[in-house]
Amino acid sequence: MNKTNRRLSGLDKKYLWHPFTQMKEWMSDDMVIISRAKGNYLYDSRGRRYLDGVSSLWCNVHGHGRPEIDRAVRGQLNRVAHSTMLGLANVPAIELARELIRVAPKGLSRVFYSDSGSTAVEIALKMAFQFWQQAPGNRKANTRKTKFLTFANAYHGDTIGSVSLGGMDLFHAIYKPLLFKTIQAPAPYCYRCPLNMERSACRMECLLKAEQLIKKHHRQLAGIVIEPLIQGAAGMITQPAGFLKRLRQLCTQYNILFIVDEVATGFGRTGRMFACEHESVRPDIMAVAKGITGGYLPLAATLTTEKVFAAFLGEYRDNKTFFHGHTYTGNPLACAAALANLEIFRKDKTIRQLGPKIRRLTERLNEFRRLAHVGDIRQCGLMVGIELVRDKAAKQPYPYQARMGRRVMLNVRQHGIILRPLGDVIVLMPPLSISGRQLEYLLDAVWRAIEEIR
Ligand SMILES: *Cc1c(COP(=O)(O)O)cnc(C)c1O
């Protein structure tokens, strides 16, 4: 270990508190300190190169150091780095809003900015709640709509509102006394069916269960909140085809807002610009973040329809204003990066280029089913979860403390790949710009690492 590295590592251990990290373990371990990046590679302070296998936590899109985004941020820096949107407007925030609406599912027509996925969801939740409090129509009936239908294992962020909507006990059980209650439907986790259905006999019972809950509680339901097509943090749990579309229909039928959290799935991740497009679903509210700036800067947005927006219009004294906003709302630097990100999608035809990569990935992943400790493989575009189990036939997981996912992660790091598993689910989430060769390298290394488990 060289001197600079030793110094930085010492300071990190002395002063920092890392997210989702057991710091006792962190402080006794070696760390990788990233000092620069280019394309799909990260470089550490010792000069070692790593393939960015999880897109710097699911947000990088076109690679690091993309000249177009670099240029846009530098250009914006010459004009203004930050100015508020409370009482003022700014150029890139305006331009970006129009571009977002252009690429978003039809019907969405308004953009409310914030700075993380959690805040985007928090805003969606407050927006939906307040909408019903002041919606036109039957006031008495509308104001009773104060609850949300959510899904088991869901993850919507770490602020208290978004934790309330989530269902990940491992992360959030301790905060239970702080959370509001939701009506929770079982998640369609087919590998470990919560309703114990045999796969061949399943007629999407979890969907029927959600439908029953909607029928029972619709008068109180302000919205249904879902990660469309795939629950990310839960372990890349994919939903059966038709699940999302049916929920949308039920929301229309029962007068409930359909709120999609596209924070992880948005911006090409699933092979379409947004996951909703796969099922031609038009949400009432959509939260986006992670990939919005190409993985450059913290920015998020909550998009909604003109109908929702209109319920907030009135005289000032009517108090229909949406009293919410963050200091860095609509930050010009971040918006400039996001504009450049969308421009690259157009110029490079990113979505079209993705098709062959996704198909190759599917092909290779199929081979992984042969491996003794691979229980399930789930894929949605360039989002992949490989679930490791001790006993394949019995679907028996490893004991919690065995930390097989972590072992695989450390193994592939020796081969110059950065991964971050979710428990014993190996997550592959490379930048959309990953090359064919890099993809093969990634899969070869992961294969070997899983094969070596015994
Ligand atoms: C990451 C994530 C969030 C939270 O986003 P942050 O920017 O980390 O606050 C919310 N929802 C989903 C689906 C996510 O994957």
Side-chain angles (χ1 to χ4, degrees), residues 18-21 54-61 112-128 148 150-168 170-172 175 179 182 187-189 223-239 243-244 247 258-270 274-276 278 281 283 285-303 324 326 328-329 331 334 337-338 341 378 380-385 420-423 425 427-429:
H18 287 257
F20 282 97
T21 301
V54 286
S55 300
S56 294
L57 222 81
W58 313 3
C59 62
N60 194 280
V61 179
F112 194 101
Y113 290 118
S114 59
D115 33 46
S116 74
S118 307
T119 54
V121 170
E122 200 82 29
I123 286 161
L125 137 77
K126 286 176 69 178
M127 217 175 239
F148 292 87
T150 58
F151 290 88
N153 307 324
Y155 178 80
H156 298 292
D158 294 330
T159 58
I160 289 299
S162 43
V163 170
S164 297
L165 299 174
M168 292 203 61
L170 170 66
F171 297 166
H172 298 141
Y175 307 113
L179 308 179
T182 69
Y189 184 5
I224 293 185
V225 187
I226 188 165
E227 293 160 86
L229 296 199
I230 178 165
Q231 291 186 315
M236 300 294 156
I237 298 172
T238 47
Q239 295 153 18
F243 191 83
L244 192 74
L247 287 176
F258 194 51
I259 304 169
V260 296
D261 176 352
E262 290 248 15
V263 170
T265 49
F267 302 99
R269 221 359 103 184
T270 66
F274 297 100
C276 282
H278 290 275
V281 157
I285 302 181
M286 176 169 97
V288 293
K290 289 193 171 100
I292 188 173
T293 61
Y296 265 60
L297 285 158
L299 180 73
T302 308
L303 278 57
H324 187 110
H326 302 282
Y328 285 99
T329 292
N331 173 259
N341 173 40
R378 299 179 288 268
C380 183
L382 280 193
M383 294 176 85
V384 173
R420 171 121 183 139
L422 291 158
V425 177
V427 173
L428 307 181
M429 190 108 152

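Heavy-atom basis, side chains included; hydrogens, waters and symmetry copies ignored. Numbering of residues begins at 1 and proceeds along the displayed sequence. Order of listing sets the numbers, starting from 1, for every ligand and every atom in it. What you see is a predicted model; the values in this text were computed from it and never measured.
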Who's the nearest protein heavy-atom neighbour of atom 6 (P) of ligand 1, and how far? Gly117 N, 3.3 Å

Heavy-atom nearest neighbour in the protein, as seen from atom 15 (O) of ligand 1, with distance rounded to 0.1 Å: Lys290 NZ, 2.6 Å

Look at the rings of His172 and Tyr175 and say which category their plane angle falls in: under 30° parallel, 30 to 60° tilted, over 60° perpendicular. tilted

Tell me the closest heavy-atom pair linking Cys59 and Lys290, and the distance in Å. CB-O, 3.2 Å

Can you find a heavy atom in the side chain of Val263 that is under 4.5 Å from one in the side chain of Tyr155? no

If we only count heavy atoms from C-beta on, is the Glu122 to Ser114 side-chain gap below 4.5 Å? no

Under 4.0 Å from any heavy atom of [X], which atoms of ligand 1 are there?
{"X": "Ser118", "result": "4 (C), 5 (O), 6 (P), 9 (O)"}
{"X": "Ala264", "result": "15 (O)"}
{"X": "His156", "result": "10 (C), 11 (N)"}
{"X": "Asp261", "result": "10 (C), 11 (N), 12 (C), 13 (C)"}
{"X": "Ser116", "result": "7 (O), 9 (O)"}
{"X": "Gly157", "result": "4 (C), 10 (C)"}

Test of understanding: given a 4.0 Å heavy-atom threshold, classify the contact between Trp58 and ligand 1 as side chain, backbone, both, or neither. side chain

Atom 8 (O) of ligand 1 within contact range, any protein heavy atom under 4.0 Å: no

Side chains of Asp261 and His156 only: does a donor on one sit below 3.5 Å from an acceptor on the other? yes

Would you kindly say whether Thr265 and Glu262 are connected by a side-chain donor-acceptor distance under 3.5 Å? yes

Does any N or O in the side chain of Gln231 come within less than 3.5 Å of the main-chain N or O of Ala152, such that one atom is a donor and the other an acceptor? yes

